[in-house]
Amino acid sequence: MAAELVLGPMVRRVDGTTAAVWVEVARAATVTVRLTDDGGAWSAPTFAVHGHHYALVEVDGLPRDTRVPYEVLVDDDVCWPAPAATFPPSTLAARADDAPVRLAFGSCRTSVPHDDVHHLTHGVDALRTYALALADGEAGQAPDLLLLLGDQVYADATSAEMREFIEARRDISAEPGDELADFEEYAHLYRLAWGEPALRWLLSWLPSLMIFDDHDVRDDWNTSLSWRRQMEATSWWHGRIVAALGSYWVYQHLGNMSATERAEDPLWAELRRRQEAAPGTEVDLTDAVDAFAERADREPESYRWSYTHPLGGSRLVVVDSRAARELEPARRSMLDDDETAWLDEQLTGDVEHLLVATSLPFLLPMGLHRVEALDEALAEGRLGRHLARAAEWLRQELDLEHWGAFSRSFTAVAQMVTEVADGRRGAAPSSVLFLSGDVHFSYITEVDRESGSRMLQLVCSPIRNPLPRALRAFAALGSHGARPLGALLSRLARLPEPPWRWHGIAGPWFDNNLAVLEVDGEQLRTVWLGGRVVGASEDRPDLVAVADLELDVPPAGTAHRRPLARVHRDGRRGLLARLRRRTGRRR
């Protein structure tokens with residue numbers, strides 16, 4: 001298998017009875033996905049980008065709510081599953097429309113070995129631990145979808161293995177040092193991130209959707225116009241951003257699109273045009289990918305990375321909060337005008353729940369939100385040039401660049417969501433949920449409301465990249481202690497009050513973790529899962545509950561009840577007992 005199948009198979013978006021299966025292979029070939037029960041088969045030719053070979057096979061006519069095993073052939077050779085595979089069979093399925101939805105999500109995962117040394121430095125990989133528990137039948141019902149909310153790869157904080165690869169290619173004493181420089185290095189980084197056996201098996205049957213955050217490109221990507229100008233003045237930034245966006249389209253975004261959206265995608269359409277012009281010959285798409293990535297960076301309005309996805313009777317809206325920014329100080333916004341208009345069209349009612357996913361938390365703790373809003377005002381020169389320079393320095397040093405630091409966009413999106421929750425954009429959903437990551441600690445926040453849809457934010461971060469212990473106290477203090485300070489400073493600077501009030505109902509907690517959200521009609525349940533090494537079992541950590549919550553969602557239009565959440569913290573045995581009672585033992 002190693003000689004043919006480089007990475008994958010990865011089951012990406014599943015729409016209705018159609019699934020997208022993505023692979024990277026070692027050579028030009030025809031890739032076939034074949035169901036092993038009835039022999040149904042679907043094929044696609046590979047295409048090349050910078051000497052790497054990829055295929056995306058669209059499988060249709062899948063049975064609903066029944067998993068069917070499949071295999072992958074490269075030309076006529078079966079390359080998946082491996083002959084000595086130790087994991088359960090990889091399967092495809094289309095979920096029933098009326099079934100409860102189980103969505104796993106999280107962000108920030110570094111790719112380092114799974115041994116005792118790296119467990120000390122990086123903690124236990126929550127996603128890999130969950131995969132192992134699912135394979136062993138020890139994690140209850142499997143999710144329907146995995147949503148990765150940014151920092152799937154770290155292009156600017158490379159592992160020893162990645163640095164070894166870079167040093168074999170070029171002199172790291174020259175810029176950009178041991179950070180990534182080109183597509184070839186991104187391809188190797190993705191292989192390190194997704195090639196581990198347990199994770200590879202998980203991604204071979206669990207549909208996944210993704211969105212980037214800054215470390216997929218570089219820390220603080222598009223924080224401000226000043227940051228942008230600093231990067232453009234370097235000798236390496238142009239090559240980095242072209243490689244980052246081009247590889248993101250190939251490895252991540254291509255599978256986010258539905259079959260209809262792919263057919264309308266300009267880069268995919270160019271691939272199809274070239275394939276039709278030269279049938280039987282592998283198309284080299286390198287020039288088109290590079291030109292596309294360069295334009296997408298130079299003219300963000302030329303391409304949309306955001307997308308939507310149906311979740312039974314609910315709806316998921318995934319928002320690009322990095323590439324679509326407007327950085328000119330007079331018009332500074334998290335989302336440019338085109339992206340704002342698109343989001344405005346997507347935020348509607350007439351669904352059971354509206355889920356809005358954004359890599360950056362929409363709601364920081366209230367005090368930190370005010371501090372970021374103040375820093376933005378100072379950096380724009382509200383109190384003079386000297387304070388503006390200091391505020392810009394703080395913005396970059398302390399990562400003060402969340403939604404609160406883009407006040408125009410925050411206010412606009414808050415107004416859109418309020419109209420949804422009040423029933424002014426169709427029937428009000430039971431809840432509006434923000435799903436986020438990025439900050440390396442997890443928490444749940446609620447917007448203060450007495451009627452209409454309940455508004456919650458669930459933040460899950462990191463999957464594997466824990467906040468240093470020295471910074472945890474600062475983060476916890478910031479979650480609580482910054483509130484009176486932020487309010488005082490905001491009044492002194494005469495900043496407008498935020499359109500909402502919100503409060504924390506769980507967290508913060510700092511463990512590596514993966515959240516699993518269950519949506520069943522009006523009811524919501526969520527559990528944060530992590531790993532724990534016991535004795536000498538470094539390679540197979542125990543699955544443990546970081547937090548287990550049941551969220552009461554009253555009918556839309558009624559006063560909200562208390563308590564709003566019940567939090568359980570216990571060990572593996574209690575968690576698994578509850579999961580099995582809810583959902584059954586195996587996937």
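The basis for the numbers below is simple: all heavy atoms, side chains too, and nothing from hydrogens, waters or symmetry mates.
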Check whether any side-chain heavy atom of Val11 lies under 4.5 Å from a side-chain heavy atom of Ser208, and answer yes or no. no
Is the His215 ring parallel, tilted or perpendicular to the Tyr154 ring (thresholds 30°, 60°)? parallel
Does Tyr54 form a side-chain contact (heavy atoms from CB on, under 4.5 Å) with Val250? I'd like the steps, not just the answer. CA-CA 8 Å; Tyr54 308 96; Val250 172; 3.8 Å; yes
Give me the ring orientation class for Tyr251 and Phe183: parallel if the planes are under 30° apart, tilted from 30 to 60°, perpendicular past 60°. tilted
Do the non-hydrogen side-chain atoms of Asp151 and Asn465 ever get within less than 4.5 Å of each other? no
Between Arg540 and Asp136 (salt bridge meaning N to carboxylate O under 4.0 Å), is one present in this structure? yes
Working note: Trp305 + Leu245, criterion side-chain contact (heavy atoms from CB on, under 4.5 Å); need CA distance, chi angles, decisive distance, verdict. CA-CA 10 Å; Trp305 302 104; Leu245 294 180; 4.2 Å; yes
If the test is side-chain hydrogen bond (donor to acceptor under 3.5 Å, both in side chains), which one of Arg13, Arg12, His309 qualifies with Asn256? Arg12
Under 3.5 Å, is there a donor-acceptor pair linking the side chains of Asp213 and Ser359? yes
Does a side-chain N-to-carboxylate-O contact under 4.0 Å join Arg315 and Glu352? no
Member of Ser461, Cys460, Pro462, Pro361 meeting the side chain to side chain contact (heavy atoms under 4.5 Å, CB included) criterion with Asp438: Pro361
Run the side chain to side chain contact (heavy atoms under 4.5 Å, CB included) test against Asp178 and tell me which residues pass, sequence neighbours left out. Thr158, Arg163
Atom pair CG/CH2 of Leu456 and Trp502 - distance to nearest 0.5 Å: 14.0 Å
Donor-acceptor pair between His114 and Glu196 side chains, under 3.5 angstrom: no
Please check if any side-chain donor atom of Thr32 sits under 3.5 Å from a side-chain acceptor atom of Trp42, or the reverse. no
From CA spacing to verdict: salt bridge (charged side-chain N to carboxylate O under 4.0 Å, His left out), Glu184, Arg169: CA-CA 10 Å; Glu184 183 68 26; Arg169 302 183 68 237; 5.5 Å; no
Does Arg218 come within less than 4.0 Å of Asp220, counting only side-chain N to carboxylate O? no
Are the aromatic ring centres of Phe212 and Trp221 under 6.0 angstrom apart? yes
Does Asp125 come within less than 4.0 Å of Arg109, counting only side-chain N to carboxylate O? yes
When His353 is tested against each of Ser314, Ser453, Ser431 for side-chain hydrogen bond (donor to acceptor under 3.5 Å, both in side chains), which residue passes? Ser431
Would you say Arg128 and Pro541 make side-chain contact, with heavy atoms under 4.5 Å? yes
